[in-house]
Amino acid sequence: MQAVYNIAEICACHGITDVVLSPGSRCAPLTIAFARHPEIRVRTVPDERAAAFIGLGLAQSQRRAVALVCTSGTAGLNYAPAVAEASFQQIPLVIFTADRPPEWIDQLDGQTIRQTDLYGAHAKGSFTFPADTSHADAKWHSERIVNEAINTAQQFPAGPVQVNIPLREPFYPKAGQELRFEEVKIIREQAGTPTLPPSELTDLAQTLRRTARVLVVAGQHVFDEQLVRSLRAFAAAYQVPVVGDVIANLHQPLGANLRFRAPRRWGIRMCFWPCQMLSSKLTSDLRC
């Protein structure tokens with residue numbers, strides 16, 4: 001089980017300090033490893049659907065990866081709604097699903113389903129942990145898989161990944177047995193920064209200059225103070241209205257030269273617009 005215990009150490013080395021557990025018998029080795037790791041904060045949420053959304057919220061607010069751990073069978077399927085949300089919102093989740101060993105799949109064993117690639121197109125990556133890590137090469141392989149999964153989740157565009165972990169009994173350490181974390185191999189990838197090429201920025205600027213009336217429509221986004229400040233300055237300088245749903249997180253009280261309107265009943269509101277602009281002139285030639 002040492003390779004399984006080392007998963008917690010690899011996560012901690014990658015900066016994953018929050019784990020949401022939905023305990024079960026099959027995932028006991030993972031639960032024990034994360035619970036006993038000194039650098040990891042564990043939250044226990046028995047209901048997997050709720051656990052996944054709590055993990056999603058943590059990752060969204062902290063802007064870094066959070067791990068989820070569940071037992072085998074249909075438990076992992078209850079993560080699916082939050083996994084889909086994480087996929088479309090580009091939020092990094094590392095999902096560890098405990099599983100039966102391969103010899104028990106499709107043998108009508110209770111709480112045994114086909115867990116490989118459980119989330120399909122909604123997962124950015126799907127990985128299978130070795131069932132047997134007794135050989136040194138297999139142990140190295142197991143560490144490489146966890147590193148690759150975490151790097152995949154965090155690289156732009158971020159998203160959820162699944163690591164399926166087949167586990168054989170015994171699941172629990174012997175009485176008095178000390179659980180230790182070994183020195184593990186850490187593989188890091190240099191994070192890229194998404195930017196528009198200079199040529200596209202030039203084309204966009206020229207398009208804006210040629211357009212008399214512009215409307216900015218904001219999509220779903222985490223709160224970003226710098227983005228809000230930039231949009232305020234843009235709206236004030238070019239007399240451009242900005243609209244968006246409440247999940248755009250742009251609806252902040254604004255300065256004296258900008259107005260703030262409460263949400264309409266259907267959930268869409270005007271975020272802000274210059275005072276000089278008259279409502280009769282809000283028909284746009286260009287929407288961004």
Side-chain angles (χ1 to χ4, degrees), residues 1-37 39-56 58-59 64-80 82-83 86-87 91-102 111-119 122-131 133 139 141-154 158-168 171 179 181 184:
M1 284 294 178
Q2 187 59 53
V4 176
Y5 297 152
N6 287 344
I7 291 173
E9 178 67 13
I10 296 172
C11 286
C13 289
H14 276 280
I16 297 178
T17 58
D18 289 273
V19 178
V20 184
L21 298 172
S22 296
S25 179
R26 185 69 54 171
C27 66
L30 286 164
T31 299
I32 294 169
F34 282 116
R36 294 189 182 180
H37 198 285
E39 298 177 21
I40 291 178
R41 180 180 180 183
V42 170
R43 293 170 174 83
T44 301
V45 183
D47 181 80
E48 289 88 5
R49 181 185 173 96
F53 277 106
I54 289 171
L56 179 72
L58 288 169
R64 55 190 173 93
V66 168
L68 302 175
V69 176
C70 72
T71 193
S72 61
T74 55
L77 290 173
N78 291 311
Y79 284 166
V83 171
S87 177
I91 295 174
L93 291 177
V94 183
I95 303 152
F96 296 104
T97 53
D99 196 4
R100 294 289 201 281
Q111 273 297 295
T112 304
I113 65 172
R114 298 165 189 166
Q115 291 185 209
T116 303
D117 196 18
L118 194 60
Y119 307 109
H122 291 115
K124 191 179 174 187
S126 180
F127 303 83
T128 300
F129 199 82
T133 56
K139 188 168 178 292
H141 184 212
S142 69
E143 294 182 1
R144 194 194 82 198
I145 284 173
V146 178
N147 276 279
E148 287 180 357
I150 295 172
N151 286 329
T152 299
Q154 297 185 132
V161 299
Q162 178 199 8
V163 182
N164 196 50
I165 305 177
L167 293 167
R168 295 189 178 95
F171 302 136
L179 189 151
F181 299 103
V184 293

Exercise for the section: Ignoring hydrogens and angles, tell me if any N or O in the side chain of Gln115 forms a donor-acceptor pair with the backbone of Arg100 under 3.5 Å. Expected result: no
Handout entry: side-chain contact (heavy atoms from CB on, under 4.5 Å) partner of Val19, chosen from Thr44, Leu58, Ile40, Leu30
Key = Ile40
Handout entry: Distance-only donor-acceptor check, side chains Ser72 and Asp99, under 3.5 Å
Key = no
Practice task
Kindly indicate, with the supporting measurements, whether the criterion side-chain hydrogen bond (donor to acceptor under 3.5 Å, both in side chains) is fulfilled by Thr128 and Asn164.
Solution key: CA-CA 5 Å; Thr128 300; Asn164 196 50; 5.2 Å; no
Exercise for the section: Might you point out which heavy atoms bring Arg26 and Pro101 nearest each other, and give the distance in Å? Expected result: NH1-CD, 3.8 Å
Exercise for the section: Might you point out which heavy atoms bring Ala28 and Phe171 nearest each other, and give the distance in Å? Expected result: CB-CB, 4.0 Å
Problem - For Ala158 against Pro92, the heavy-atom pair lying closest together - result: CB-CD, 3.8 Å
Problem - Close side-chain approach of Glu48 to Leu77, heavy-atom, < 4.5 Å - result: no
Fill in the blank from the handout: Separation between CE (Met1) and CG (Leu167), nearest 0.5 Å, reads 5.0 Å
Practice task
Please confirm whether the backbone N or O of Gly76 pairs with a side-chain atom of Tyr119, one donor and one acceptor, at under 3.5 Å?
Solution key: yes
Exercise for the section: To the nearest 0.5 Å, tell me how far Asn78 CG sits from Phe53 CZ. Expected result: 11.0 Å
Practice task
Write down the atom of Arg168, the atom of Pro102, and the distance for their closest heavy-atom approach.
Solution key: NH2-CD, 4.5 Å
Problem - Side chain to side chain, His37 and Val42, heavy atoms closer than 4.5 Å - result: no
Exercise for the section: Would you please test Val146 and Asn6 for side-chain contact (heavy atoms from CB on, under 4.5 Å) and show each step? Expected result: CA-CA 10 Å; Val146 178; Asn6 287 344; over 6 Å; no
Handout entry: Rounded distance [0.5 Å steps], CG in Leu93 versus OH in Tyr79
Key = 10.0 Å
Problem - Backbone of Val83 reached by a side-chain donor or acceptor of Ser87 within 3.5 Å - result: no
Practice task
State the CG-CZ distance between Asp18 and Arg64, to the nearest 0.5 angstrom.
Solution key: 5.5 Å
Handout entry: Heavy-atom pair with the smallest gap, counting every atom of Pro130 and Ile145
Key = CD-CD1, 4.0 Å
Fill in the blank from the handout: Between the CG atom in Leu21 and the OG1 atom in Thr71, the distance rounded to the nearest 0.5 Å is 11.5 Å
Practice task
Please step through side-chain contact (heavy atoms from CB on, under 4.5 Å) for the pair Phe34 and Cys11, ending with a clear verdict.
Solution key: CA-CA 9 Å; Phe34 282 116; Cys11 286; 4.1 Å; yes
Problem - Which atom of Gln162 lies closest to which atom of Leu118, heavy atoms considered - result: OE1-N, 3.0 Å
Exercise for the section: Say whether, by atom type as modelled, one donor and one acceptor occur between the side chain of Ser22 and the main chain of Val45 under 3.5 angstrom. Expected result: yes
Exercise for the section: Would you mind telling me which of Val163, Leu68, Val161 makes a side-chain contact (heavy atoms from CB on, under 4.5 Å) with Phe96? Expected result: Val163
Handout entry: Distance (rounded to the nearest 0.5 Å) between Glu143 CD and Thr133 OG1
Key = 10.0 Å
